[in-house]
Each structure stands twice: as C-alpha cells, then as structure tokens.
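In this chain, residues are counted from 1 in sequence order. For the numbers below, each heavy atom of this structure counts, side chains included, while hydrogens, waters and symmetry mates do not.
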Amino acid sequence: MSQKVRVRFAPSPTGPLHIGGVRTALFNYLFAKKHGGDFVLRIEDTDQTRYVGGAEAYIIEALNWLNIPTDEGPTTGGNFGPYRQSERKDLYQSYADQLLESGHAYYAFDTSEALDAHRKQHEAEGKTFIYNWHNRLKLDNSLSLSETEVKAKLEAGEDYVIRFKVPQDETIKLQDIVRGDMQIDTNVLDDKVLFKSDGMPTYHLANIVDDHLMEITHVIRGEEWLPSLALHVLLYRAFGWKAPEFAHLPLLMKPVGKGKLSKRDGDKMGFPVFPLEWKTADGDIFSGYREDGYLPEAVVNMLAFLGWNPGTEQEIFSLEELIQAFELSRVNKAGAKFDPDKTKWFQHHYLQQQEDTVLAKQFDSLLQTKGITSSLDFVTIVGLLKERATFVSDLWEQGSFFFEAPSTYDEKASKKAFKEGTADILQTVVSLLNDTDNFSAATISATIKGWITSNDIGFGKVMMPLRLALVGEMKGPDVFDIIAILGKEEAVSRIERAIQTI
C-alpha cells in the first residue's frame with residue numbers, strides 16, 4: 001500500500017447509531033490504525049427530511065466513549081472538509097454536469113405519476129418495471145427528446161432528475177476483500193437517479209464524489225451496500241477515477257430466530273442495541289450500553305468478534321491488540337449472530353480488571369443516587385464483592401447489607417440456623433467482639449475460631465446464625481471481613497437484634 005490508507009465512516013444523522021453501525025466504525029478504525037492511516041467521519045445528511053437533531057453529536061460521543069475517535073470530521077476538522085454533505089452541496093452539480101457532457105448521464109423529466117403508471121402496467125403483466133437500456137428511449141428524457149425539446153423543458157423550469165446511463169450488454173467484474181471476485185450483467189441494473197432538480201445529489205453521486213475528493217483508499221461498509229457496488233464501480237470508471245478497494249461486512253443477526261438485528265429487538269429481548277441511551281422526541285427511551293453499566297472495552301471486544309475472528313483461540317483483546325491482529329481477509333461472509341450472554345462474559349472480565357479504587361468511586365456514586373452516604377471503606381468492600389459482579393450495580397445487589405442492617409431474616413435459613421442455644425452462642429460472640437481491641441478480620445477470625453475449637457462447638461452452629469444476624473440471608477463474603485468492615489458497634493448491634501428475634 002504505497003498510498004496512505006484513508007477510510008471513512010459515513011453515517012446518516014437520522015437517529016441513534018445502531019450497534020451494527022458502531023461495528024462498521026470499529027472495523028474502519030482498526031484497519032486505519034493497523035496501516036498507520038486516517039479514520040474520517042463524514043456525516044451524510046443530504047436527506048434533510050429524515051434529519052434528526054442531536055444525532056450527529058450522539059455519533060461523535062459514542063465513538064469517543066468507545067475510544068475509537070476519528071482523525072478528521074465535522075468537529076475535529078482536517079484538510080478534506082467540509083465533513084457534512086449538506087455543507088458540500090455546491091460541489092456536486094459540476095460533477096453531475098460532467099457526466100451529462102461525457103454522455104454517461106441524462107436528464108429525465110418523467111413525472112412520478114407517469115412512472116407509477118408504468119410500474120402498475122408492468123405489475124399487471126407480471127413484470128417488474130426497471131428504468132434502463134430496454135425502455136429509456138421510450139420514456140421522457142434527453143435521450144428520447146430532441147436537443148430543442150430538452151432546452152425548452154429546462155428553461156421552463158420543469159422538474160427533472162439526472163440519471164446514470166448504465167452501459168448495455170456488458171459484464172462488470174467486481175472485487176471485494178471480504179467476498180472475493182464477483183461479476184454482474186449490466187443489463188439487470190437500473191439507471192439510478194444521481195441528482196434531483198432541487199439541487200441535491202442522491203447518495204450514490206455524493207458518496208462517490210466525496211470518497212474521491214477525500215482520497216479514500218478503502219471503503220469498508222455494511223453488506224446492505226453490496227447491491228450498489230456495480231453502480232459505484234461504473235461511476236468511478238465514468239469519471240476516469242481510480243476506485244478504492246471495497247470490503248462489505250456481514251450483517252448482524254438476531255440472537256434467536258432469523259433476520260437481522262433491528263433497533264426494536266434489544267428492548268424486546270432485554271439488551272441494548274445502541275452504544276448510548278437515546279431519547280426520542282416522543283419521549284421513548286432506548287437503552288444504551290454505557291448507561292446499562294457496560295465498559296467500553298467490553299463493547300469493543302464483543303463487537304470485534306461479530307464477523308471477524310483472529311484465527312486463534314484468544315478471545316480477550318485490548319484495543320491495541322485488536323489493531324495488531326485485525327485483517328479484513330479474516331472477516332466472514334456469513335451473517336454474525338449477536339450474543340447478549342457473550343457480551344456479559346466480556347463485561348465480567350473487564351470489570352475484574354478495573355482498579356478497586358475506580359470501582360469504589362462508581363459504587364459510591366451509585367449509593368448516592370439511592371440517598372445513601374456512608375463512611376465505610378468502599379475500596380475494601382468492592383475488593384470483596386467484585387469477583388461475583390458483572391456490573392457496578394451488582395455490587396449493590398450483593399453488598400447492600402453493608403449499608404442497611406437486616407430487618408428480616410431468610411425464613412428457610414432461619415429454621416436451620418436459629419435453634420435452641422443459638423441465642424447463648426451469639427451472646428458469647430458479642431462478648432468476644434466487645435473484648436477485642438484490634439478489630440481486624442484476622443484478629444476477629446482467630447478469636448472466634450479459637451473459642452469454637454477450644455469449646456468443641458460445631459462451626460455451623462456459630463457461623464450460620466452469625467452470618468444471618470449480620471446479612472439477613474446466607475450470602476456475602478467472609479463473615480470476619482464483614483464484621484471488620486461494619487465495625488464493632490454496628491456488628492454487635494446487629495447480632496443483639498438477631499438474639500431478640502430468636
């Protein structure tokens with residue numbers, strides 16, 4: 001690759017960025033960084049009717065949260081701007097004119113009513129209406145009309161579109177890094193609209209012109225653009241430009257059943273399909289990975305494996321390792337099934353890697369939202385609980401008893417643990433705790449275990465009721481760790497309350 005690698009992620013700001021779009025952005029980012037290239041963000045907002053306020057900012061925020069920021073874009077700038085298609089619209093007319101002059105495009109004046117009538121007539125005959133070589137000379141366009149007629153229509157301000165003139169009777173050879181070599185008969189292609197009389201280009205023209213002017217070397221995009229590949233290759237040829245290399249990524253499929261993963265699937269099946277939470281103008285809220293407590297590293301690692309594999313057994317990859325390992329040749333053709341459980345598996349792994357001090361701060365914030373302030377040692381608590389946690393919110397589910405003394409005791413466990421003589425045993429534990437000065441887990445453990453052993457009492461007779469008294473149920477880390485964190489006063493108070501209940 002002698003030319004500097006330049007790739008682009010070109011979403012439309014029509015709503016939040018679907019996780020499939022994020023995967024496309026990630027693969028572009030990994031490829032660019034692997035080859036020391038540039039990752040460009042271009043906002044394709046030519047369709048102003050579908051424009052949604054806040055969508056562009058959402059896209060940028062999502063990429064930044066995932067630590068895959070763009071090198072160039074609407075907010076970062078760069079030498080190939082502007083990076084919003086709506087700000088580039090003055091560019092496209094001259095390129096449409098160029099195609100008209102070279103005979104690769106033509107004016108079409110057909111009204112939507114006329115085209116509709118043709119469509120219905122074809123349907124009635126069991127055919128599909130395609131505007132191309134076989135009927136274009138019979139329709140209302142500059143190929144079938146005289147120069148004078150065309151000029152008169154344009155001067156009268158009649159609505160028109162500019163259509164691409166697809167060559168007849170030709171086999172186009174297409175190359176795709178993921179899918180290999182393909183070929184297509186040009187006779188099955190339609191003469192796509194490139195430009196509308198409102199002065200706005202369609203996706204096809206704007207996309208080709210922008211990729212050329214921005215010196216894009218590799219177009220890495222979703223499989224849904226595969227049907228447009230032949231047209232895009234023909235457009236490059238018509239302009240006399242070198243086409244970039246293409247790679248079409250496999251679709252993301254639903255976890256269960258058939259079909260591709262849709263925006264509605266996540267909330268139906270209980271997992272996010274957006275990187276960040278999105279609130280619609282109507283007040284609907286779609287959940288996001290960030291707000292659901294996922295770490296960006298987990299989301300990136302999960303997305304990398306949707307349609308790509310490293311060819312080894314390794315599953316855990318840092319962003320740096322992904323950049324080193326990533327090859328487009330290892331992207332699969334088949335659709336990639338989305339697996340919410342695997343995402344949680346990655347999340348659990350990355351949560352364990354977090355420093356306890358970092359998690360302690362997040363846990364403290366979570367408690368504050370519940371109106372709980374505490375002077376307990378959060379770092380130690382997190383260290384004891386995190387092994388069983390996948391999210392920071394799990395720390396609350398597992399350790400809420402540190403902050404709220406039990407008011408009831410698990411019924412099944414109580415029947416087993418609270419027996420005749422249990423009150424006396426717990427009373428002795430209270431005395432032992434009151435007499436302990438160095439209130440560390442090790443000292444408390446040695447004191448109580450020493451007493452149990454020297455008096456030949458069964459461990460279960462002491463430990464089960466003691467845990468119930470402190471926690472309210474049979475869960476939580478080591479009992480002596482719990483006592484040390486709670487402190488003498490709180491631990492004794494909880495045991496005494498349990499004695500009264502018995």
Q: Look up atom NE2 in His248 and atom NZ in Lys333, then write down how far apart they are to the nearest 0.5 Å.
A: 14.0 Å

Q) Any side-chain heavy atom of His218 sitting closer than 4.5 Å to one from Ile177? A) yes

Side chains of residues 293-304: which donor-acceptor partners sit under 3.5 Å, not counting sequence neighbours?
unit_1, atom_1, unit_2, atom_2, d
Asn301, OD1, Phe317, N, 2.9
Asn301, OD1, Tyr350, OH, 2.6
Asn301, ND2, Glu315, O, 3.0

Q) In Å and rounded to the nearest 0.5 Å, what is the CD1 to CZ distance from Ile425 to Phe418? A) 11.5 Å

**Q.** Pair Trp278 + Tyr58: ring centers closer than 6.0 Å
**A.** yes

Q: Please determine if Lys33 and Asp71 form a salt bridge, counting it only when a charged side-chain N lies under 4.0 Å from a carboxylate O.
A: yes

Q: Nearest 0.5 Å please: distance from the CZ atom of Phe402 over to the CD1 atom of Ile485.
A: 4.0 Å

Q. Is the distance between the ring centroids of Tyr236 and His232 less than 6.0 Å?
A. no

Q) Looking at Asp364, Leu366, Ile372, which hits side chain to side chain contact (heavy atoms under 4.5 Å, CB included) with Gln368? A) Asp364

Q: With sequence neighbours left out, write down each residue that passes ring-ring contact (aromatic ring centres under 6.0 Å, His included) with Phe346, or none if nothing qualifies.
A: none

**Q.** Which residues share a side chain to side chain donor-acceptor pair (under 3.5 Å) with Arg179, sequence neighbours left out
**A.** Glu223

(Q) Checking Arg8 against Met214 for the side chain to side chain contact (heavy atoms under 4.5 Å, CB included) test, could you report, in this order, the C-alpha distance in whole Å, the side-chain angles of both residues, the deciding distance, and whether it holds? (A) CA-CA 9 Å; Arg8 49 52 164 195; Met214 291 182 176; 5.8 Å; no

Q.
So, using side chain to side chain contact (heavy atoms under 4.5 Å, CB included) as the criterion, who are the partners of Asn434 when residues are at least two apart?
A. Val430, Lys488, Val492

Q) Any Lys/Arg nitrogen of Arg6 or Glu72 sitting under 4.0 Å from an Asp/Glu carboxylate oxygen of the other? A) yes

Q) At their closest point, which heavy atom of Ile316 faces which heavy atom of His349, and how far apart are they? A) CG2-NE2, 3.3 Å

Q. Between CZ of Phe439 and CG of Leu486, what distance do you get to the nearest 0.5 Å?
A. 8.5 Å

Q) Should Arg221 and Asn207 count as side-chain neighbours, where that means a heavy-atom distance under 4.5 Å? A) yes

Q) Quick one: ring-ring contact (aromatic ring centres under 6.0 Å, His included) partners of Phe80, sequence neighbours excluded? A) none

Q | Partners passing ring-ring contact (aromatic ring centres under 6.0 Å, His included) against Phe271 (at least two apart in sequence or in another chain) | A | Phe338

Q) So with a 6.0 Å cut-off around NZ of Lys279, is the heavy-atom count from everything else above 12? A) no

Q) Checking His18 side chain against Gly20 main chain: does a donor-acceptor pair fall under 3.5 Å? A) yes

Q: State which residues pass side chain to side chain contact (heavy atoms under 4.5 Å, CB included) with Met464; sequence neighbours excluded, sorted by chain then number.
A: Lys416, Ala417, Met474

Q) Looking at residues at least two apart in the chain, or sitting in another chain, which of them share a side chain to side chain contact (heavy atoms under 4.5 Å, CB included) with Asn455? A) Trp451, Ile457

Report, one line per pair, each donor and acceptor closer than 3.5 Å where one atom sits in a side chain of residues 323-331; sequence neighbours left out.
unit_1, atom_1, unit_2, atom_2, d
Glu327, OE2, Lys34, NZ, 3.0
Arg330, NE, Asn309, O, 3.0
Arg330, NH2, Asn309, OD1, 3.3

Q | Backbone of Thr443 reached by a side-chain donor or acceptor of Thr447 within 3.5 Å | A | yes

Q) What is the minimum heavy-atom distance between Ala206 and Gln85, and which atoms define it? A) CB-NE2, 3.4 Å

(Q) Can you give me the closest heavy-atom contact between Pro244 and Ile216, atom names plus distance? (A) CB-O, 3.5 Å

Q.
Looking at Gln352, is its backbone amide N or carbonyl O close enough to the side chain of Lys386 to form a donor-acceptor pair, meaning the two atoms are under 3.5 Å apart?
A. yes

Q: Tell me, yes or no, whether the heavy-atom count around Lys342 atom NZ, taken from other residues, nucleotides or ligands under 6.0 Å, exceeds 12.
A: yes

**Q.** Intermediate values then yes/no, side chain to side chain contact (heavy atoms under 4.5 Å, CB included), Arg23 and Ile19
**A.** CA-CA 6 Å; Arg23 195 267 315 254; Ile19 206 75; over 6 Å; no

Q | Within 6.0 angstrom of Lys361 NZ, more than 12 heavy atoms from elsewhere | A | no

Q | Nearest atoms (heavy-atom pairs only) where Arg497 meets Tyr409 | A | C-OH, 4.0 Å

Q. Run the side chain to side chain contact (heavy atoms under 4.5 Å, CB included) check on Val382 and Gln362 step by step: do they pass?
A. CA-CA 10 Å; Val382 163; Gln362 294 172 358; over 6 Å; no

Q. Taking the side chain as C-beta and beyond, is there a heavy-atom pair between Pro255 and Met269 under 4.5 Å?
A. yes

(Q) Does atom CD (Glu291) have a neighbourhood of more than 12 heavy atoms from anything else shown, all under 6.0 Å? (A) yes

Q: Calculate, to the nearest 0.5 Å, the distance between atoms CD1 and CG belonging to Ile483 and Leu433 respectively.
A: 5.5 Å

Q) How about Glu277 and Ile285: do any of their side-chain heavy atoms sit closer than 4.5 Å? A) yes

Q. Where is the tightest heavy-atom contact between Thr46 and Met200, given as atom of each residue plus distance?
A. O-CE, 3.4 Å

Q | Plane angle bin for Trp308 and Phe305 - parallel if under 30°, tilted between 30 and 60°, otherwise perpendicular | A | perpendicular

Q. Leu41 versus Thr76: any side-chain heavy-atom pair under 4.5 Å?
A. no

Q: Check salt bridge (Lys or Arg N to Asp or Glu O under 4.0 Å) between Asp292 and all other residues, then give those that pass, not counting sequence neighbours.
A: none

Q | Glu411 atom CD, over 12 foreign heavy atoms within 6.0 Å | A | no

Q. Checking side chain to side chain contact (heavy atoms under 4.5 Å, CB included) for the pair Leu470/Ile495: CA distance, chi angles, key distance, verdict?
A. CA-CA 7 Å; Leu470 298 165; Ile495 299 165; 4.3 Å; yes

Q) Under the ring-ring contact (aromatic ring centres under 6.0 Å, His included) test, which residues partner Trp225, sequence neighbours left out? A) Tyr203

Can you give each donor-acceptor pair under 3.5 Å made by side-chain atoms of residues 59-66, sequence neighbours left out, with the distance rounded to 0.1 Å?
unit_1, atom_1, unit_2, atom_2, d
Glu61, OE2, Arg290, NH1, 2.9
Glu61, OE2, Arg290, NH2, 3.0
Asn64, ND2, Ile60, O, 3.3

Q. So do the side chains of Ile448 and Ile452 get within less than 4.5 Å of each other, counting heavy atoms only?
A. yes

Q.
Tell me the closest heavy-atom pair linking Gly307 and Pro250, and the distance in Å.
A. CA-CG, 3.9 Å

**Q.** Pairwise side-chain contact, Val429 with Leu466, heavy-atom cut-off 4.5 Å (strictly under)
**A.** yes

Q.
To the closest 0.5 Å, what do you measure between CD (Glu473) and OG1 (Thr408)?
A. 8.5 Å

Q: Flag the pair Phe9 / Tyr29 as yes when at least one side-chain heavy-atom distance between them is below 4.5 Å, and no otherwise.
A: no

